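Down below is the structure, laid out as structure tokens.
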Amino acid sequence: MVEEGGVDRGSGGAAAAAEPLELWLLQAQKLVPLALEKAMEVKVFPGRWKMIVSKLEQLPSRLSDLSSHPCFSKNALCKEQLQAVLKTLKEAIELAELCLGEKFEGKLKMQSDLDSLSGKLDLNLRDCGLLIKTGVLGEATLPLSVSGCSSQWESTDYSSIKELLARLQIGHMESKHRALDSLVEILKEDDDNVLSIFGRNNVAALVQLLTATSPCIREKAITVICLLAESGSCENWLVSEGVLPSLIRLIESGSAVGKEKAVISLQRLSMSAETARAIVGHGGVRPLIELCKTGDSVTQAAAACTLKNISVVPEVRQTLAEEGIIRVMIKLVDCGILLGSKEYAAECLQNLTASNDALRKAVVSEGGLRCILTYLDGPLPQESAVGALRNLVNSVSKEVLLSLGFLPRLVHVLKSGSLGAQQAAASAICRVCNSPEMKKLIGEAECIPLLIKLLEAKSNSVREVSTQAMSSLMTLSQNCREVKRDEKSVPNLVQLLDPSPHNTAKKYAVACLGLLSSSRKCKRLMISYGAIGYLKKLSEMDTPGAKKLLDKLEKGKLRSLFSRK
């Protein structure tokens, strides 16, 4: 049977194991009234002793709650907590006797000792409360079957890790430090299983350790927090428990390891728009920008990625600009340590220039356009840099754009860039070909065959923007002739007449084929590839130009029949 206090008397072995804990509890319960009696008799330092008395008066109920917990006799944490309470009570009695006899060395020293005692009582009360209210006792003794962890784990491993996590929440800083040391070592062996056990209280305790006075403790705490952030399992808990200000402080003034782990944590957390806004609100932009300037390869790349993530949020872009992000990102595109840093910086510039004319002008005035064009000379141009270029092409005159080597880079991207980069290049063509002269120059740069090839892309959005670019270029007769000469142009364009709602290129394909319909050869090709069937459906859908093109093809078909007769 289980007697009052939660101590199992059912077997001799269990009773022997539980007896010392019962004895420590009885000792503590006896010492509380003695400590209270002596504390109340003291006449010196009345304010401090009054506060100590109020805290001593709370201990009996906390001890009662602790001893009545089902896991009281099963957990080493209870034993350690009772030992800590006993030590504090003995110190309280000793200091009370010194004050009663006025045998203390000096007032200042005694005041300091009493303040320390008050702090220890606070810690005892807090830890007793935590052991009960937060479920730490239950967590630390939870059987493996309840945990849901891998069956490869032994229950002893699980319990010991839960106990370590509990120790992060209770006791003095030294004991938390030891628990943190052990946890870091275990994480090196099996981080996935360990991280899966973390609860919100454990996360909160780790976040608090980031403000510890010891740099060593802060480093170990941020190491664990970085693993948690990268695992993606505790992001909301980390943010809601206030991790952001501590991460930002570590970036500003932490050790090299602390800075690296803190910025990697922010990189992951900033993927949420809400968290990105919060980072800006906590003053995180300036330290991140500084890290882009002075960090090593890893921290520079992580800082650039974090700023790129933040720049996705439209309402904070002006704040980023005011903190000096534009010049720093341009510098990174030009001479970032890692290729990744350059790509993040280019994407950040793409985001900043997406919808704000003032920021576009600022990027151009800082030499951003020239820098991006130079960056595109690489062997595999990426979408982010071409996207930034697309955003900027209308922020300078066509003369300036051409003088900076825009057209050769455009051709290079259409030939060698990633599919996303090619799509952005086609989009840039749509934006710049607003005059016959520019259309002529783009046609002469041999962009048209490359656009025709893109009509075969699997991506609908790539086909759409390529067809749109062609429909604009083909309004110039010499470009139209260039399209006619390409044997793949008509077959590819007819395929894009598909009336499916997923095909968003059809209206531009109708426009292109309409411009080619003056050629008998092209009309015959359109008919042979099935354009009439598509156009009948598009006419019913009121697609612009479809009815007119259908009439032309059907008349041409009739003439062909009569001529044969």
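Computed from a prediction, not measured in an experiment: that's the story for all the values here.
The backbone N or O of Ile337 sits less than 3.5 Å from a side-chain atom of Gln300, completing a donor-acceptor pair. Put simply, the side chain of Lys523 never gets that close to the backbone of Ser518: no donor and acceptor are under 3.5 Å apart. Ser240 places a side-chain N or O within 3.5 Å of a backbone atom of Trp237 that can act as its donor or acceptor partner. Remark: the backbone N or O of Ser246 is not paired with any side-chain donor or acceptor of His282 at under 3.5 angstrom. Within the 3.5 Å criterion, the main-chain N or O of Asp296 finds a donor-acceptor partner in the side chain of Thr299. The main-chain N or O of Leu168 is never found under 3.5 Å from a side-chain atom of Asn202 such that the two would form a donor-acceptor pair. At distances below 3.5 Å, not a single donor-acceptor pair connects side-chain atoms of Asp498 with backbone N or O atoms of Asn503. Put simply, the side chain of Glu315 never gets that close to the backbone of Val313: no donor and acceptor are under 3.5 Å apart. Counting only distance, with no hydrogens or angles, the side chain of Arg409 and the backbone of Leu404 share a donor-acceptor pair below 3.5 Å. Between the side chain of Ser272 and the backbone N or O of Leu269, no donor-acceptor pair lies under 3.5 Å.
Residue pairs meeting the side-chain hydrogen bond (donor to acceptor under 3.5 Å, both in side chains) criterion with at least one member in residues 538-547, sequence neighbours excluded: Lys547-Asp551.
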Begin from the C-alpha positions of Ser519 and Lys484 and carry the test side-chain hydrogen bond (donor to acceptor under 3.5 Å, both in side chains) through to its verdict.
CA-CA 8 Å; Ser519 161; Lys484 288 175 186 176; 5.2 Å; no
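A 4.5 Å side-chain heavy-atom check between Lys398 and Asn394 finds at least one atom pair inside the cut-off. Annotation: side chain of Gln495 is not in contact with side chain of Pro491 (no heavy-atom distance under 4.5 Å).
A salt bridge does not link Lys440 with Glu437: every distance from a Lys NZ or Arg NE/NH1/NH2 to an Asp or Glu carboxylate oxygen is 4.0 Å or more. Between Glu252 and Arg249 there is no salt bridge, since no side-chain nitrogen of the basic residue lies less than 4.0 Å from a carboxylate oxygen of the acidic one.
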Side chains of residues 453-463: which donor-acceptor pairs under 3.5 Å do they make with residues two or more places apart or in other chains?
unit_1: Glu456; atom_1: OE2; unit_2: Asn492; atom_2: ND2; d: 3.2
unit_1: Ser459; atom_1: OG; unit_2: Ser461; atom_2: N; d: 3.4
unit_1: Ser459; atom_1: OG; unit_2: Ser461; atom_2: OG; d: 3.0
unit_1: Ser459; atom_1: OG; unit_2: Val462; atom_2: N; d: 3.3
unit_1: Asn460; atom_1: OD1; unit_2: Thr504; atom_2: N; d: 3.3
unit_1: Asn460; atom_1: ND2; unit_2: His502; atom_2: O; d: 3.1
unit_1: Asn460; atom_1: ND2; unit_2: Thr504; atom_2: OG1; d: 2.7
unit_1: Ser461; atom_1: OG; unit_2: Gln423; atom_2: OE1; d: 3.3
unit_1: Arg463; atom_1: NH1; unit_2: Ala457; atom_2: O; d: 2.8
unit_1: Arg463; atom_1: NH1; unit_2: Lys458; atom_2: O; d: 2.9

Would you list the atom pairs, donor with acceptor, under 3.5 Å between side chains in residues 205-214 and any protein atom, with sequence neighbours excluded?
unit_1: Thr211; atom_1: OG1; unit_2: Gln208; atom_2: O; d: 2.7
unit_1: Ser214; atom_1: OG; unit_2: Cys216; atom_2: N; d: 3.3
unit_1: Ser214; atom_1: OG; unit_2: Ile217; atom_2: N; d: 3.3

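With Cys348 as the fixed residue, the side-chain contact (heavy atoms from CB on, under 4.5 Å) test singles out one of Arg317, Glu343, Lys308: Lys308.
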